[in-house]
Amino acid sequence: MNKKSKNMHFDLEFTPQIEPFIIVILALTFFAPIFVMPFILDNIFNLPKTILIMIGAFIMISIYSGRFVLGKPVRYPKTTIPVWLTLIVCLNFISFFYTQNYYYTKVAALMNICALAIFYFTSLYVDAKKSIWILSAIALSGIIVSLVAVLQFADSPMLFQWLKTGAKTTGTIGNSNYLGAYLLFPLFSMIGLVFLLKGKRRLAPAGLLILVFVALLFARAKASWLGLFIALPVFLLFVKNIYGFSLFNYIKLYPKQTCVYIIITISLMSVFWIVR
């Protein structure tokens, strides 16, 4: 294992044929954004999304604890906690104090703890091969939500016939801000697939990425736009460190392709920004 992957080294000896952690992750990937519709839920702090996340985290913790108590092999990180993960934990701990509303503070903190637990087990049980399936599932879920969001923006709701013309675009999330925050995940999943897939297979996520980006614009969630603007350079920096990719060398080797990509990207962003 090279130096760049030391921080992500885990004990991978225990590999059952059907891993329940992966099943739970895939289930949560589809249940939360697709099967929970706004006419059932319009607030992320209410049921049943909170229950779904709590159930998913509880199942994972129960399976892991059960294996540990029964003396069966479990995976565990062999390195210290990365600094960036420590920062995430600290930021979530602050959720205990971010509002004077006691109820929402407790619920938000509980959700954050569950999300961190799911993140922890994902980092343990999702390896390079399984990551393709997880990223593909997230991308597919995002495509479905984005399609619903775009049609809703065009006043052609597939699921929400009760919405009035001109209503805010909510997709299947129940709130435009939550929709914008959610779409960041399939957006980065598709970008990740573009790097991971080889040959012509990467054209599919590259093309469908436009649909998710359009839905993100139509959501009119400015905080999510800012999040994308800040997170994208960090994401590309991680990719550069992992693959040793040099942007300047690529531009030197493929100047015409780079110009075409830039022109197409700016044109699409301009058109959709005007339409928005």
Side-chain angles (χ1 to χ4, degrees), residues 8 10 12 15-37 41 44 48-61 63-64 75 111 114-151 158-159 170-174 178-216 219 224 227-228 231-232 235 238-239 242:
M8 296 303 293
F10 298 103
L12 302 179
T15 309
Q17 294 182 351
I18 300 178
E19 183 55 69
F21 293 95
I22 303 301
I23 296 176
V24 174
I25 293 170
L26 291 174
L28 291 176
T29 299
F30 288 103
F31 285 170
I34 297 177
F35 296 127
V36 183
M37 304 302 175
L41 167 71
I44 198 169
K49 285 185 179 177
T50 305
I51 290 296
L52 285 175
I53 296 175
M54 290 172 59
I55 291 175
F58 176 78
I59 292 174
M60 290 184 176
I61 294 173
I63 295 173
Y64 192 84
R75 298 184 183 184
M111 287 186 62
C114 291
L116 284 172
I118 294 172
F119 178 83
Y120 174 76
F121 291 116
T122 301
S123 67
L124 287 180
Y125 287 91
V126 177
D127 54 24
K129 293 182 179 180
K130 296 186 181 71
S131 65
I132 295 292
W133 294 102
I134 300 296
L135 291 175
S136 299
I138 296 173
L140 177 59
S141 178
I143 291 169
I144 297 173
V145 173
S146 299
L147 179 62
V148 174
V150 170
L151 290 175
M158 295 174 58
L159 303 171
T170 64
T172 62
I173 303 302
Y178 302 148
L179 172 63
Y182 163 76
L183 289 176
L184 292 178
F185 291 92
L187 195 63
F188 280 107
S189 296
M190 290 183 175
I191 297 175
L193 287 172
V194 171
F195 285 97
L196 292 174
L197 297 178
K198 304 297 182 181
K200 294 183 179 180
R201 289 187 297 175
R202 64 177 56 179
L203 295 178
L208 293 171
L209 187 145
I210 298 175
L211 173 64
V212 181
F213 182 75
V214 170
L216 180 66
S224 298
L228 176 63
L232 184 57
F235 178 84
F238 284 143
V239 172
I242 294 172

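With a 6.0 Å radius and a threshold of 12 heavy atoms from other residues, nucleotides or ligands, Tyr120 has its OH atom above the threshold.
The minimum heavy-atom distance between Val212 and Met190, with the atom names listed, is CG2-CE, 3.5 Å. The shortest heavy-atom contact between Leu193 and Ile132 is CD2-O, 4.2 Å. For the residue pair Ser189 and Ile138, the shortest heavy atom distance occurs at OG-CG2, 3.2 Å.
Between Leu183 and Ser224, the closest side-chain pair of non-hydrogen atoms is not below 4.5 Å. For the pair Phe121/Val126, no side-chain contact is recorded, criterion being any heavy-atom separation below 4.5 Å from C-beta on. The side-chain heavy atoms of Thr122 and Ile134, taken from C-beta on, include no pair separated by under 4.5 Å.
The CD1 atom of Ile118 sits 8.5 Å away from the CD1 atom of Ile61 when rounded to the nearest 0.5 Å. To the nearest 0.5 Å, the span separating CG on Leu211 from CG on Leu216 amounts to 11.5 Å. For the atom pair OG of Ser136 and CG of Leu196, the computed distance is 9.0 Å after rounding to the nearest 0.5 Å. Interatomic distance, Phe213 CZ to Leu208 CG, rounded to the nearest 0.5 Å: 15.5 Å. Rounding to the nearest 0.5 angstrom, the gap separating the CD1 atom in Ile23 from the CD1 atom in Ile63 is 8.5 Å. A distance of 10.0 Å separates CG of Leu209 from CZ of Phe188, quoted to the nearest 0.5 Å.
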Which donor-acceptor pairs under 3.5 Å do the side chains of residues 139-147 make with protein atoms, sequence neighbours left out?
residue: Ser141; atom: OG; partner: Thr29; partner atom: O; Å: 3.3
residue: Ser141; atom: OG; partner: Tyr182; partner atom: OH; Å: 2.8
residue: Ser146; atom: OG; partner: Gly142; partner atom: O; Å: 2.6

Intermediate values then yes/no, side chain to side chain contact (heavy atoms under 4.5 Å, CB included), Leu124 and Phe21: CA-CA 10 Å; Leu124 287 180; Phe21 293 95; over 6 Å; no

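For residues 200-209, no pair satisfies side-chain hydrogen bond (donor to acceptor under 3.5 Å, both in side chains), with sequence neighbours left out.
No donor-acceptor pair under 3.5 Å is formed between the side chain of Tyr125 and the backbone N or O of Pro20.
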